[in-house]
Protein chains: 2
Amino acid sequence: MGAKDRRENEVVQMRQAILNAACNIAAEAGWREVTVRKVAEKVEYSPAALYEYFSSKDAILVALMREGFRLLTLDMRSVPESGDAVERLAAVAQSYWDFAFRHPELYQVMHGLDGISFGTAETPQEAKDGFIALRDAVRAVFPGNSALERDLYDEVDMFWAMLHGLVSLTMAGRIKGGRERAALLVKPAVEIYIAEWQKEVR
Amino acid sequence: MGAKDRRENEVVQMRQAILNAACNIAAEAGWREVTVRKVAEKVEYSPAALYEYFSSKDAILVALMREGFRLLTLDMRSVPESGDAVERLAAVAQSYWDFAFRHPELYQVMHGLDGISFGTAETPQEAKDGFIALRDAVRAVFPGNSALERDLYDEVDMFWAMLHGLVSLTMAGRIKGGRERAALLVKPAVEIYIAEWQKEVR
DNA sequence: TCATTTTCCGAACATTGTTCAGTTATCGAA
DNA sequence: TTCGATAACTGAACAATGTTCGGAAAATGA
């Protein structure tokens with residue numbers, strides 16, 4: 001029964017090829033241009049064949065969304081502990097920003113930007129993991145245990161919102177000076193939050 | 001030549017009817033369900049007839065985006081001066097939030113959410129007007145003239161990003177506790193910014 | 001009243017996601 | 001190896017999308 005295993009490998013390879021193809025098209029021409037037929041052509045299969053590997057086009061997008069959150073979480077988690085928790089939180093924010101513009105297509109599919117949307121896919125576990133990664137980084141900036149009783153969800157949500165807002169407006173071309181100038185706003189924004197939070201804790 | 005004027009009125013009325021129809025469908029079923037044929041049916045015309053009033057479906061969306069920004073700007077501008085600039089800025093932020101959830105379809109089309117996107121429509125004047133309205137509210141919280149030399153674009157961008165981020169994540173269902181809990185974050189978020197800015201100015 | 005222009009519609013076109021009958025390839029057992 | 005069954009894949013079609021176009025209908029101005 002080595003044949004079964006080999007076939008299984010081929011399946012995951014094929015699925016990955018489909019995901020890559022979709023991503024590449026999106027990166028080059030935007031998600032609007034990502035069509036089942038074009039993806040099929042890129043993997044050299046018939047359009048109908050894709051439905052053996054994904055139940056629908058939406059399923060492909062959902063898979064990419066989850067992979068995107070997985071990668072983002074990985075990025076944030078891999079920011080080294082630098083002794084100074086504040087410094088690290090700033091670095092995490094930076095890695096968030098960097099990820100968004102290193103993989104714009106992924107970021108877009110993760111947040112339904114650029115004309116993507118799939119029927120109310122509930123928040124995937126990978127996204128929750130990302131939230132947790134962010135929460136851990138935030139939690140570390142609270143020196144004592146004073147605020148550790150709370151779940152810090154408010155702080156994390158606000159922090160996340162600010163990051164997503166910056167990325168989102170920038171990608172939409174709504175920031176004068178574009179990405180270059182917007183990038184300069186990340187660190188000051190982080191510092192604003194930190195300063196207030198630290199004041200809160202005394 | 002009263003006939004010409006009357007016809008002109010009919011045209012703007014027709015255009016408005018089309019915009020309303022599109023908006024209503026979006027409000028009830030989401031932008032994915034907004035189709036040329038359905039809009040046409042709702043205004044009791046043939047699909048082809050719409051193209052006498054709008055050059056494309058995208059043109060309809062763009063018109064709605066602009067109207068959305070116009071209304072949002074109006075809302076923010078109509079927040080009364082309450083003596084206390086800080087209080088007013090908070091009220092402006094609240095009116096931003098309220099607008100977003102009073103007209104979710106408009107907010108979505110304004111920011112390319114929910115699967116909307118039209119070929120890189122450059123930032124319309126109405127959006128810039130909204131930015132200015134926000135800037136004026138921010139500018140007022142700076143007591144002296146110390147910071148009035150600067151354009152305050154950084155502060156406004158960050159403020160806007162935070163508001164948009166909160167709305168955006170909430171609409172995407174990414175905030176635990178949903179809209180109700182997220183609404184409670186608006187005021188604290190505003191206060192954080194204000195506190196830091198005031199510290200800056202001394 | 002009549003010629004002309006505007007307004008509107010029916011029908012079509014290309015492209016989209018998706019399905020399905022059928023063909024081809026693959027595999028496990030005799 | 002050979003055969004029957006299962007899986008993999010394709011071609012053609014379907015309905016729905018945005019859009020166009022020739023012509024009908026209506027409004028307009030003389």
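Just so it is clear: chains get the letters A, B, ... in the order the sequence lines come, proteins before strands, and each one is counted from 1. Only this structure's heavy atoms are used, side chains among them; waters, hydrogens and symmetry mates stay out.
At whole-Å resolution of the value, CD1 in A:I18 and P in D:dC9 are 10 Å apart. One can place OH of B:Y45 at 21 Å from P of D:dA24, the figure rounded to the nearest angstrom. Across the protein-nucleic acid pair, B:Y51 atom OH and C:dA12 atom C1' stand 14 Å apart, rounded to whole Å. Look at CD on A:E10: it is 15 Å from P on C:dA25, rounded to the nearest Å. In this entry the distance linking CD of B:E44 with P of C:dC9 reads 10 Å, nearest Å.
Of the candidate nucleotides C:dG17, C:dT7, D:dC9, C:dT7 has the atom nearest to the side chain of B:Y53. When distances are taken from the side chain of A:A48 to each of D:dG11, C:dT18, D:dG18, the shortest belongs to D:dG11.
Among the heavy atoms of the strands, none lies under 4.0 Å from A:V11. No engagement by A:F54 is indicated, since no non-hydrogen atom pair under 4.0 Å with the nucleic acid exists.
Ion pairing between A:R135 and A:D151 fails under the 4.0 Å rule for side-chain N and carboxylate O. In this structure, A:D157 does not pair ionically with B:R174, as no charged nitrogen and carboxylate oxygen lie closer than 4.0 Å.
If you take CG on B:L166 and CH2 on B:W97, they are separated by 6.0 Å, rounding to the nearest 0.5 Å.
Phosphate contact (OP1/OP2 of C:dG17, side-chain N/O of A:T35, threshold under 4.0 Å): present.
Side-chain atoms of B:Y107 and B:Y96 include a donor-acceptor pair closer than 3.5 Å.
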